[in-house]
2 protein chains.
Amino acid sequence: MGKQMTEMLKGTLEGIVLAILSVRPAYGYEITARLRDQGFSDIAEGTVYALLVRIEQKGFVDVEKVPSEKGPPRKVYSLNAAGRGFLEEFWTTWSFLAERLERLQVEGGK
Amino acid sequence: MGKQMTEMLKGTLEGIVLAILSVRPAYGYEITARLRDQGFSDIAEGTVYALLVRIEQKGFVDVEKVPSEKGPPRKVYSLNAAGRGFLEEFWTTWSFLAERLERLQVEGGK
DNA sequence: CCAGCTATTCAGCGTTACTATGTAGTGGTA
DNA sequence: TACCACTACATAGTAACGCTGAATAGCTGG
């Protein structure tokens, strides 16, 4: 979706992935596919894996290696307590931002 | 509002400032004050000025120097046609993102 | 054996917001 | 005069993040 989306995703992509993991555990390749299904069509695989490394280092997820029927072993990520806490904060921040932007959008429409 | 906001602002702060300018022309110091009023309490002046330089270089605004009664001359920025076009794109991208995030937020709440 | 799908990793890059500091004009006040 | 506060703009250096592009590796079917 272009460069605007790239910049706008900064900071939110992390929340998006954590939100996906909050529904149920998943592995990288699966998360990438899920993102594409949800309309984020040009998010590169490399981006997702790098993000997963970061959230693992921050301690937001637990990781388990699980053999795959169709290829190399998968690294399954599941959201832990710290991750859920961070996700809550994320939604708070997001709501704050969204509220103000919606106000601006209406104002600009006048 | 912390580091999450910092990252989330990337890409959106530009849109926010353009939206402010779409209502009426303004100068840097004024824009900073307006942002603070709207709840973006810890956006530094330096951030805004740097952003104004960028949007000027991109050709989204016209600039006029206007003397001030209370200090150095002001650089008044007004949104031009290119800026309005970009702002429209911005809202499109924003809506796309917001829609998907709201969906995720609901899903996570189940 | 090779093509194609699954699955992960990483180095290098561009963009952005933040930090910290500096410059300059004006008015008030001690 | 000297000092301070407010107004107003500018900029060098830094950290964080997503993208690009490429590489590696396991498994299956023709």
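Chain A is the first sequence line, chain B the second, and so forth, proteins listed ahead of strands; every chain is numbered from 1.
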> Which angle, to the nearest 10 degrees, lies between the helix axes at the two ends of the helix from C/dC1-D/dG30 to C/dA30-D/dT1, each defined by five pairs?
Replying inline: 20°

>> Does any part of the side chain of B/Leu9, heavy atoms only, come nearer than 4.5 Å to the side chain of A/Leu97, both counted from C-beta?
In response: yes

> How close or far is atom P of D/dA8 from atom CZ of B/Arg74, stated in whole angstroms?
Replying inline: 4 Å

> Any salt bridge between B/Arg84 and B/Glu88, counting N to O under 4.0 Å?
Replying inline: no

> Toward the 5' end of DNA chain D, which comes first, A/Leu13 or A/Gly71, by nearest nucleotide?
Replying inline: A/Leu13

> Between atom OG of B/Ser68 and atom NZ of B/Lys75, what is the distance when rounded to the nearest 0.5 Å?
Replying inline: 15.0 Å

> Does a nitrogen or oxygen in the side chain of B/Tyr27 sit under 4.0 Å from OP1 or OP2 of D/dA8?
Replying inline: yes

> Within the structure, does a side-chain N or O atom of A/Thr6 lie under 4.0 Å from either OP1 or OP2 of D/dG18?
Replying inline: no

> Heavy-atom distance under 4.5 Å between the side chains of A/Leu51 and A/Arg54, does that happen here?
Replying inline: yes

> For the atom pair CG (A/Leu104) and CH2 (B/Trp91), what is the distance rounded to the nearest 0.5 Å?
Replying inline: 5.5 Å

> Would the number of heavy atoms belonging to other residues, nucleotides or ligands and lying under 6.0 Å from NZ of A/Lys58 be above 12?
Replying inline: yes

>> Can you give me the first and the last nucleotide of DNA chain C (5' to 3') that has an atom within less than 4.0 angstrom of a non-hydrogen atom in chain A?
In response: C/dT6 to C/dT16

> What are the residues of residues 40-61 of chain B, sorted by number, that bring a heavy atom to within less than 4.0 Å of DNA chain C?
Replying inline: B/Ala44, B/Gly46, B/Thr47, B/Leu51, B/Arg54, B/Lys58

>> How many whole angstroms separate atom CE of B/Met8 from atom P of D/dC17?
In response: 11 Å

>> Contact between A/Glu14 and A/Phe60 at the side-chain level, heavy atoms closer than 4.5 Å - yes or no?
In response: yes

> Does a distance-only test, which skips hydrogens and angles, find a donor-acceptor pair under 3.5 Å between the side chain of B/Lys3 and the base of D/dA16?
Replying inline: no

> Within a strict 4.5 Å, meaning less than it, do heavy atoms of the A/Leu52 and A/Val63 side chains meet?
Replying inline: no

> Below 4.5 Å, heavy atoms only, C-beta onward: do B/Val53 and B/Tyr49 meet side chain to side chain?
Replying inline: no

>> For a 4.5 angstrom cut-off between non-hydrogen side-chain atoms, does B/Phe96 reach A/Met5?
In response: yes

>> In this structure, how many angstroms lie between the P atom of D/dC6 and the CD atom of B/Glu69, rounded?
In response: 18 Å

> Hey, are the side chains of B/Tyr29 and B/Arg74 touching, using non-hydrogen atoms and a 4.5 Å cut-off?
Replying inline: no

> Could you give the OH-to-P distance, from A/Tyr29 to D/dA25, as a whole number of Å?
Replying inline: 18 Å

